[in-house]
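In what follows, a single structure is set out as structure tokens and then discussed.
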Amino acid sequence: MKLRKIVSLLAACSLLLFILGGCGGDSDPPPEPTPEGGITLEDLSGFWYVTEEYKAEANFLMVEIFEIDPYAGTWTPYSEFGDAGTTLTAYVTDEGLLCLDMDVLGEQLFYIEGTDTLTDESGMALFAKGEPMAGPDYTQFTGSWFETGDYEGRHYTFFDDGTYAFYYYGIEDPLEEGTYTMINQTTYHNDGSSTESLALDLEGGTMGANTLTIATDGNVLLPGHGFTDEFYVRESALGTPEGDDDIIRYHLVTSAAWSGDNDQYIYFDNDTKVRIGVAGSNGALETLQSGTWELSGGVITLYWDDGTTDAGMYDGEEDGFQLESGPYFDKW
């Protein structure tokens, strides 16, 4: 399911949750509706942001921003990056309640406090009117990204208007064109931990990927959650020391493990943590050492917790590296 459909559904579910959350129980009496002839939809025009009070109390909240357009009679949810979701109907009832169309869930009513606060029936402030939201900043992705850093390979070109083109092995005309939006994507690491990464959600992604996750300081794009041999490198980073290191970092982190001499294995758990060990009798890794690592100029430096260090150079031709302490490791 693509982002716009998801945002619309999540908007409906989220807003329904806080409507239901204010029903029943020993709550304060609901505020009086605005008298007929009072506040109009035009008075509510603009952007609305979830309140800190509601954000702290909500167990599940996906939609935090929406805009009311009184001239079109609509409301539109927005992502934190400024991408718009599905636009639906909005109006003020004769009793002075704000009514938002929730698509499959039908219409829902909200109490209006003045012209700058929306509450539930218990009086808790849910949304407050704020400054207009800036549009999404696509400039950080604009330009071409080449598969494995090969100019002759497949590549994406992203434009600052939120559109993209996908090219296939030197063919002049794009094989695919579409739009993209920014989302947060969860990336899982070898040690079981996870981090939130910025990702691009592609509308129209059929020949290429549907989602591309930003990795390694923003110079590499990984399809899906990142565990793949397919990756794309920013053109401006190609041939630079920083770009070369980012490609190596991608290889180290996305490999499940690196196998070496004496049945040893190295796991680069994430961008900072590393473990070395041997396979135990049950197949699980028995850790011999753990620590941190860094990469600079193609040199991998390991800082073990016992105070010792080790280092090695990555070999792109063989997809492996030799440590100064002796063992050679290659992708498992």
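This chain uses plain numbering: 1 for the first residue, then up along the sequence.
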For this session: Show your working on side-chain contact (heavy atoms from CB on, under 4.5 Å) between Trp304 and Val274 and close with a plain yes or no.
Result: CA-CA 9 Å; Trp304 300 117; Val274 63; 3.9 Å; yes
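- Closest heavy-atom contact between Glu131 and Phe47: O-CB, 3.8 Å.
- In this structure, the side chains of His251 and Lys331 come closer than 4.5 Å at one or more pairs of heavy atoms.
- In this structure the side chain of Glu294 reaches within 4.5 angstrom of the side chain of Tyr303, judged on heavy atoms.
- Across all non-hydrogen atoms, the minimal contact from Tyr78 to Thr76 is CD1-O, 3.3 Å.
- In this structure a side-chain-to-backbone donor-acceptor pair under 3.5 Å is present from Asp43 to Thr40.
- Side-chain contact check for Tyr54 versus Glu64: every heavy-atom pair is 4.5 Å or farther apart.
- No hydrogens or angles considered: a donor-acceptor pair under 3.5 Å links the side chains of Gln289 and Asp306.
- No chain of hydrophobic side-chain contacts below 4.5 Å, direct or via other Ile, Leu, Val, Met, Phe, Trp or Tyr residues, connects Ile276 to Met313.
- In this structure, Phe141 has no ring pair (Phe, Tyr, Trp, His ring centres under 6.0 Å) partners at least two apart in sequence or on a different chain.
- The side chain to side chain contact (heavy atoms under 4.5 Å, CB included) test with Ile248 is passed by exactly one of Val253, Asp315, Leu295: Leu295.
- Within the model, atoms CD of Glu203 and OH of Tyr164 stand 8.5 Å from one another, a figure rounded to the nearest 0.5 Å.
- Note: the hydrophobic cluster containing Met124 also contains Val50 (ILVMFWY, side chain heavy atoms under 4.5 Å, direct or indirect links).
- Every side chain to side chain donor-acceptor pair (under 3.5 Å) that Asp310 has, sequence neighbours left out, goes to Ser325.
- To the nearest 0.5 Å, atom CZ of residue Phe158 and atom OG1 of residue Thr163 are 10.0 Å apart.
- Contact detail for Pro223 and Phe231: the closest heavy-atom pair is CD-CA, 4.4 Å.
- Across all non-hydrogen atoms, the minimal contact from Ile112 to Gly96 is CD1-O, 3.3 Å.
- Residues Ser79 and Met133 approach most closely at O-CE, 3.2 Å, considering heavy atoms.
- Interatomic distance, CG of Asp160 versus CD of Gln140, reported as 12.0 Å (0.5 Å rounding).
- Leu212 and Tyr168 end up in the same hydrophobic cluster when Ile, Leu, Val, Met, Phe, Trp and Tyr side chains are linked at under 4.5 Å.
- With hydrogens and angles ignored, the 3.5 Å screen pairs a side-chain donor or acceptor of Asp245 with a backbone N or O of Gly298.
- Judged by distance alone, with hydrogens and angles left aside, the side-chain atoms of Trp75 form a donor-acceptor pair with the main-chain N or O of Asp101 at under 3.5 Å.
- Applying the 6.0 Å contact sphere to CG of Asp161 captures more than 12 heavy atoms from other residues, nucleotides or ligands.
- Contact of the Ile65 side chain with the Tyr49 side chain is registered, since non-hydrogen atoms from C-beta on lie closer than 4.5 Å.
- What you find for Leu44 and Ile68 is that their closest heavy atoms are O-CB, 3.7 Å.
- With a 4.5 Å cut-off on side-chain heavy atoms, Asp246 and Val233 do not count as touching.
- Counting only heavy atoms from C-beta outward, the side chains of Ile266 and Leu323 approach each other to under 4.5 Å.
- Hydrophobic clustering (side-chain heavy atoms under 4.5 Å, transitive across Ile, Leu, Val, Met, Phe, Trp, Tyr) keeps Val299 apart from Phe321.
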For this session: Report the C-alpha distance between Trp48 and Lys129 in whole Å, list the side-chain angles of each, state the deciding distance to 0.1 Å, and finish with yes or no for side-chain contact (heavy atoms from CB on, under 4.5 Å).
Result: CA-CA 4 Å; Trp48 294 79; Lys129 187 185 288 188; 3.6 Å; yes
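- There is a side-chain donor-acceptor pair under 3.5 Å between Asp319 and Tyr314.
- In this structure, Asp83 contributes its side chain and Met182 its backbone to a donor-acceptor pair below 3.5 Å.
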For this session: Please report the C-alpha distance between Leu100 and Leu88 in whole Å, then the side-chain angles of each, then the deciding distance to 0.1 Å, and finally whether the side-chain contact (heavy atoms from CB on, under 4.5 Å) criterion is met.
Result: CA-CA 8 Å; Leu100 301 182; Leu88 297 168; over 6 Å; no
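- Separating the CZ atom in Arg275 from the CG atom in Leu288 is a distance of 11.5 Å, to the nearest 0.5 Å.
- The main-chain N or O of Glu42 is never found under 3.5 Å from a side-chain atom of Ser45 such that the two would form a donor-acceptor pair.
- In this model, no donor atom of one side chain and acceptor atom of the other lie less than 3.5 Å apart for Glu147 and Tyr156.
- Leu118 contributes atom CG, which lies 8.0 Å from atom CZ of Phe127 (distance to the nearest 0.5 angstrom).
- You'll find the side chain of Tyr267 stays beyond 4.5 Å of the side chain of Lys273, heavy atoms only.
- Hydrophobic clustering (side-chain heavy atoms under 4.5 Å, transitive across Ile, Leu, Val, Met, Phe, Trp, Tyr) keeps Leu109 apart from Tyr91.
- Put simply, the side chain of Leu202 does not reach to within 4.5 Å of the side chain of Phe166, judged on heavy atoms.
- Taking OH of Tyr328 as the start and CH2 of Trp258 as the end, the distance is 8.5 Å to the nearest 0.5 Å.
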Exercise. Does the side-chain contact (heavy atoms from CB on, under 4.5 Å) test come out yes or no for Tyr169 and Ile171, once each step is laid out?
Worked result: CA-CA 6 Å; Tyr169 294 112; Ile171 299 175; 5.5 Å; no
